[in-house]
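Beneath this line is the structure, given in structure tokens, with notes to follow.
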Amino acid sequence: MITGLVIIQLLIVLALIFIGARVGGIGLGIYGMIGVFILVYGFGLAPGSAPIDVMMIIVAVITAASALQASGGLEYLVGVAAKFLQKHPDHITYFGPITCWLFCVVAGTAHTSYSLMPIIAEIAQTNKIRPERPLSLSVIAASLGITCSPVSAATAALISQDLLGAKGIELGTVLMICIPTAFISILVAAFVENHVGKELEDDPEYKRRVAAGLINPEAVCEEVQKAENEDDPSAKHAVWAFLFGVALVILFGFLPQLRPEGVSMSQTIEMIMMSDAALILLVGKGKVGDAVNGNIFKAGMNAVVAIFGIAWMGNTFYVGNEKILDAALSSMISSTPILFAVALFLLSIMLFSQAATVTTLYPVGIALGINPLLLIAMFPACNGYFFLPNYPTEVAAIDFDRTGTTRVGKYVINHSFQIPGFITTIVSILLGVLMVQFFR
């Protein structure tokens with residue numbers, strides 16, 4: 001039975017999560033650490049386990065991605081994507097989100113989507129396609145790419161020895177379940193999105209902006225032209241070096257027998273990606289100073305601090321009240337395991353981070369005895385932060401859509417990202433649960 005003392009602790013934890021999320025940046029980490037201090041010194045709980053393994057993986061992966069950005073590799077990839085999308089303008093609602101998804105699968109961060117959004121918006125507009133359709137789904141696809149990426153912080157957390165790695169789950173299993181289910185869910189959502197809203201030329205907000213001279217329907221975005229003309233050999237070499245590192249991670253993930261005895265997948269990712277950063281900078285002629293000053297490095301370090309505080313607080317609270325919480329949750333979760341996916345979804349809305357959601361709640365799912373394969377199928381539920389339209393990728397998509405079709409409704413939650421967000425989440429989880437039956 002949950003006591004009043006446990007409820008007080010839980011309210012403090014939730015309050016600090018809420019405050020940290022509102023502050024943003026490293027707010028989750030520092031307010032989470034305040035929670036650790038209160039739980040330990042105020043309530044006498046023993047400190048839980050800090051997610052050191054996860055943090056080190058994030059540092060290694062973000063270092064490699066930052067080196068790629070410093071070497072011009074991201075700009076080169078954007079140029080390649082722009083040329084492809086320009087050749088298939090009529091299918092931008094499909095190809096735009098899929099391209100964003102692939103970028104994030106490879107890079108392990110949704111921040112790569114910022115470079116593609118203006119291109120997708122402009123191609124849609126110039127071809128009289130409602131930009132809301134590809135843009136809103138592209139934002140969701142970018143988040144979905146994180147839960148499919150072999151080098152994302154969330155996947156690293158999932159397969160770490162602190163979580164599913166200790167249950168014998170390898171990277172290959174996660175990718176085999178998450179990648180096909182995500183891809184199919186994006187196609188389903190794109191089909192639906194093609195029927196969302198009025199056609200562009202019939203949209204009242206678009207017509208108002210055209211009449212007011214705020215936009216020129218025939219204009220071609222300068223960013224698209226610049227991206228298409230990008231041709232830096234060093235940047236191309238940097239991309240190949242980065243992909244080489246990703247390929248090695250995937251290889252050792254699918255074939256664990258290639259790893260020396262006693263070497264975990266977490267350690268392998270750390271060694272490969274940190275070493276790969278040196279190769280990227282060498283062949284791409286990038287500067288170390290540029291790498292640490294880029295937005296990817298800063299965002300990654302924010303994630304490290306956030307996970308350090310928030311996950312440690314969550315683990316301290318759970319371990320300190322483990323018997324009570326397990327007794328309260330076990331019967332409910334065991335009879336309806338899918339409720340755990342609902343819990344993941346709700347927590348991700350508060351945390352704004354898949355990795356933080358994984359490190360905070362997955363230990364509970366493991367302790368409750370949920371099938372590890374089922375926990376993988378529920379992984380996309382960690383993308384629930386689209387529910388409130390204040391995540392940076394959502395804000396960026398709204399800003400990039402000069403036609404005004406991508407927007408937040410009168411009641412805030414009736415925004416452009418809800419339909420593709422719920423479709424991809426539900427479809428990918430259901431397909432994942434179905435796939436899990438073949439692994440047994």
Taking the side chain as everything from C-beta on, heavy atoms only, tell me whether [X] gets closer than 4.5 Å to [Y].
| X | Y | result |
| --- | --- | --- |
| Met273 | Phe242 | yes |
| Leu346 | Phe387 | no |
| Phe386 | Val139 | no |
| Pro150 | Val246 | yes |
| Leu373 | Ile169 | yes |
| Ile140 | Pro97 | no |
| Asn321 | Leu45 | yes |
| Tyr362 | Asp162 | no |

Kindly say whether [Y] contributes a backbone atom to a donor-acceptor pair with the side chain of [X] at under 3.5 angstrom?
| X | Y | answer |
| --- | --- | --- |
| Gln69 | Ala65 | no |
| Asp401 | Ala397 | no |
| Gln9 | Phe43 | no |
| Thr424 | Gly421 | yes |
| Arg133 | Gly197 | yes |
| Thr155 | Ser149 | yes |
| Ser416 | Thr406 | no |

Partner of Ile7 by side-chain contact (heavy atoms from CB on, under 4.5 Å), out of Leu5, Leu11, Leu10:
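Looking at Leu5, Leu11, Leu10, the match for Ile7 under the side-chain contact (heavy atoms from CB on, under 4.5 Å) is Leu11.
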Which one of Ile12, Val13, Ile34 satisfies the side-chain contact (heavy atoms from CB on, under 4.5 Å) criterion with Leu39?
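Exactly one option meets the side-chain contact (heavy atoms from CB on, under 4.5 Å) with Leu39, and it is Val13.
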Donor-acceptor pair between Glu394 and Tyr385 side chains, under 3.5 angstrom:
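There is no such pair (donor and acceptor under 3.5 Å, judged by atom type) between the side chains of Glu394 and Tyr385.
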How about Asn383 and Ser143: does a side-chain donor come under 3.5 Å of a side-chain acceptor?
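Not at all, the side chains of Asn383 and Ser143 share no donor-acceptor pair under 3.5 Å.
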Does atom [atom1] of [X] have more than 12 heavy-atom neighbours from other groups under 6.0 Å away?
| X | atom1 | answer |
| --- | --- | --- |
| Tyr31 | OH | no |
| Ile419 | CD1 | no |
| Phe191 | CZ | no |

Verdict with supporting geometry, Leu431 and Ser428, side chain to side chain contact (heavy atoms under 4.5 Å, CB included)
CA-CA 5 Å; Leu431 289 175; Ser428 58; 5.9 Å; no
Picking from Phe379, Phe422, Phe340, what satisfies ring-ring contact (aromatic ring centres under 6.0 Å, His included) with Phe345?
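When Phe379, Phe422, Phe340 are each tested with Phe345, the ring-ring contact (aromatic ring centres under 6.0 Å, His included) holds only for Phe422.
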Smallest separation among heavy atoms of [X] and [Y], with atom names:
| X | Y | result |
| --- | --- | --- |
| Ala235 | Gly72 | CB-O, 3.3 Å |
| Cys100 | Ile120 | SG-CD1, 3.9 Å |
| Met378 | Ala341 | SD-N, 3.7 Å |
| Thr360 | Val364 | O-CG2, 4.4 Å |
| Thr181 | Gly432 | CG2-N, 3.6 Å |
| Pro131 | Thr405 | CD-OG1, 3.6 Å |

Within residues 245-259 or reaching into it, pairs that qualify as side chain to side chain donor-acceptor pair (under 3.5 Å) - sequence neighbours excluded
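Sorted pair list: Glu170-Arg259.
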Partner of Ser136 under side-chain hydrogen bond (donor to acceptor under 3.5 Å, both in side chains), chosen from Glu193, Arg130, Arg407
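The passing option is Glu193.
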Can you classify the ring geometry of Trp312 versus Phe308 as parallel (below 30°), tilted (30 to 60°) or perpendicular (above 60°)?
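Answer is parallel, since the angle falls under 30°.
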Please report the interatomic distance OG1(Thr425) to CG(Leu144), rounded to the nearest 0.5 Å.
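With rounding to 0.5 Å, OG1 (Thr425) is 7.0 Å from CG (Leu144).
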